[in-house]
Protein chains: 2
Amino acid sequence: MQTTTEDLRLVALAEFTAAGYSATSLQRIAELADVSKSSVLYHFSSKEDLLQAAVTPAVDRLAEILELLAGDFFTPERRTAFLAEFIDFLLIYRREVNIFINQGPSLFDVPVIERATILVRQLAEFFHSSTSTLEDRMRFAIALGGAAYMLCSQDSLGFPTPVDETRAALLSVLTELLAPVATLPSPVQE
Amino acid sequence: MQTTTEDLRLVALAEFTAAGYSATSLQRIAELADVSKSSVLYHFSSKEDLLQAAVTPAVDRLAEILELLAGDFFTPERRTAFLAEFIDFLLIYRREVNIFINQGPSLFDVPVIERATILVRQLAEFFHSSTSTLEDRMRFAIALGGAAYMLCSQDSLGFPTPVDETRAALLSVLTELLAPVATLPSPVQE
DNA sequence: TCAGAATCTGACCGATCGGTCAGGTTAGGC
DNA sequence: GCCTAACCTGACCGATCGGTCAGATTCTGA
């Protein structure tokens with residue numbers, strides 16, 4: 001079990017989330033992991049490489065989830081399944097999502113962030129082409145963005161709630177919010 | 001008309017929003033405003049002072065809006081009025097809100113950010129004490145957080161839409177989302 | 001006209017940044 | 001025992017950071 005590399009990854013993930021990427025120095029990461037700054041640069045070739053390692057698993061998972069959108073998303077079963085997957089994704093990777101949401105625009109030149117941006121843009125375009133009214137588009141944006149924001153900021157602002165209850169209530173509210181969206185027969189038309 | 005000070009404020013606001021506070025150097029602000037770095041520090045005593053000046057108007061406005069919550073928020077008229085005020089606030093000050101949302105936790109030691117954090121916490125506590133179920137609380141969080149996220153990220157992700165349409169659709173969706181929230185007779189009890 | 005305030009600048013400061021490098025230490029395979 | 005590779009470190013580098021300061025320039029009111 002290689003602990004040091006993974007320790008550094010987790011420490012960096014936490015600090016990048018809490019303090020921001022550019023505000024986090026390699027020196028601080030080294031101190032939190034109780035190694036020298038040189039050791040950090042032994043395990044990761046650069047600070048950007050550390051960011052890459054920290055968020056890549058989350059981006060990989062997001063890419064998997066987006067493939068669920070292929071096919072008949074607009075049956076109620078598929079819609080609920082997607083929402084459940086997305087909520088679980090947010091719950092598991094909320095620190096990585098936090099980094100992307102809060103600092104993504106300023107980290108556009110980092111490959112993995114750029115990849116995540118493309119995925120999110122695909123998601124936005126899918127909903128854009130699948131809906132007919134501005135209200136429907138807004139329902140999607142508020143549902144997904146609101147859920148992401150809520151989970152990301154719950155550490156600093158929210159009131160502690162058991163994960164199971166959070167997931168159930170979130171699924172309920174989002175399903176209800178998206179219920180009025182018109183069911184297009186064939187959303188896959190360019 | 002003192003243009004330089006206000007120019008610097010606007011340039012700093014835009015850069016702090018786009019690239020992040022700690023990733024924005026005084027040198028860059030100076031170049032964008034076409035003055036020297038020393039001039040920046042003549043008009044603003046420090047980088048933190050510049051951040052302070054950039055976001056203070058938005059925080060002042062937020063404090064005003066929160067006073068609307070005193071009294072009978074849960075009549076439909078008051079609720080709609082609050083939502084309209086809040087949406088307009090987001091539309092006008094979305095760059096400042098972006099800074100607070102995205103970088104607030106890492107800027108907790110800046111007085112004006114701390115003040116904004118207290119205001120947002122007041123808002124959260126009001127909704128927390130005014131609602132009886134987790135679902136209702138989540139409706140508020142998703143509504144306000146989702147709206148804020150949508151407007152903040154529309155520059156980088158969204159599809160351009162006229163402001164009037166955005167406001168109308170947003171008000172419609174949020175009103176609908178909050179409709180199921182139980183109307184408590186007296187939410188002002190500690 | 002001219003004194004003084006307001007504005008602006010380049011030179012400079014110590015601190016910290018990300019990153020390099022040579023060398024020390026440790027742990028296994030032969 | 002010993003060689004090799006993995007692991008770790010302190011010393012050091014150039015660049016950039018936020019900030020200071022003395023002085024040049026411009027503006028303004030008496």
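Residue numbers begin at 1 in each chain, while the letters A, B, ... track the order of the sequences.
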Does H43(A) have a side-chain nitrogen or oxygen under 4.0 Å from the phosphate oxygens OP1 or OP2 of dA6(D)? no
Euclidean distance, atom OH of residue Y21(A) to atom P of dG18(C) [Å, nearest integer]: 8 Å
Between P of dC8(C) and CG of L41(B), the distance in whole Å: 13 Å
Starting at the 5' end of DNA chain C and moving along, which residue's nearest nucleotide shows up first, S46(A) or V40(B)? V40(B)
Over how many whole Å does the gap from F44(B) atom CZ to dT7(C) atom C1' extend? 14 Å
Give the rounded distance in Å between these two atoms: CG of L50(B) and P of dC17(D). 15 Å
Value in whole Å for how far the C1' atom of dT9(C) lies from CD of E31(B): 15 Å
Does S38(B) have a side-chain nitrogen or oxygen under 4.0 Å from the phosphate oxygens OP1 or OP2 of dC8(C)? no
Nearest whole angstrom, please: distance from the C1' of dG10(C) to the CD of Q27(B). 12 Å
Checking Y21(A) against F16(A) for the ring-ring contact (aromatic ring centres under 6.0 Å, His included) test, could you report, in this order, the C-alpha distance in whole Å, the side-chain angles of both residues, the deciding distance, and whether it holds? CA-CA 5 Å; Y21(A) 174 73; F16(A) 289 162; 5.0 Å; yes
Distance below 4.0 Å between S25(A) side-chain N/O and dT16(C) OP1 or OP2: no
Shared ILVMFWY cluster between I87(A) and I92(A), side chains joined below 4.5 angstrom? yes
Describe the nucleic acid contact of L26(B) in one word from base, sugar-phosphate, nothing, applying a heavy-atom distance below 4.0 Å. sugar-phosphate
Would the base of dG18(D) count as contacting K37(B) through its side chain, where contact means a donor and an acceptor less than 3.5 Å apart? yes
Any idea which heavy atoms bring V173(A) and R139(B) closest together, and the distance? CG1-CG, 4.0 Å
D49(A) atom CG is separated from dG18(C) atom C1', nearest whole Å, by 13 Å
dT20(D) P sits how many Å from K47(B) NZ, rounded? 15 Å
Mind checking if T24(B) touches a base, just sugar-phosphate, or nothing, with heavy atoms under 4.0 Å? sugar-phosphate
Does Y42(B) place a side-chain N or O at less than 4.0 Å from the phosphate oxygens OP1/OP2 of dC8(C)? no
Between the side chains of E31(B) and Q27(B), does any donor sit under 3.5 Å from an acceptor? yes
So, is T4(B) close to the dC8(C) phosphate, meaning a side-chain N or O under 4.0 Å from OP1 or OP2? yes
When L62(A) is tested against each of F89(A), F100(A), Y93(A) for side-chain contact (heavy atoms from CB on, under 4.5 Å), which residue passes? F89(A)
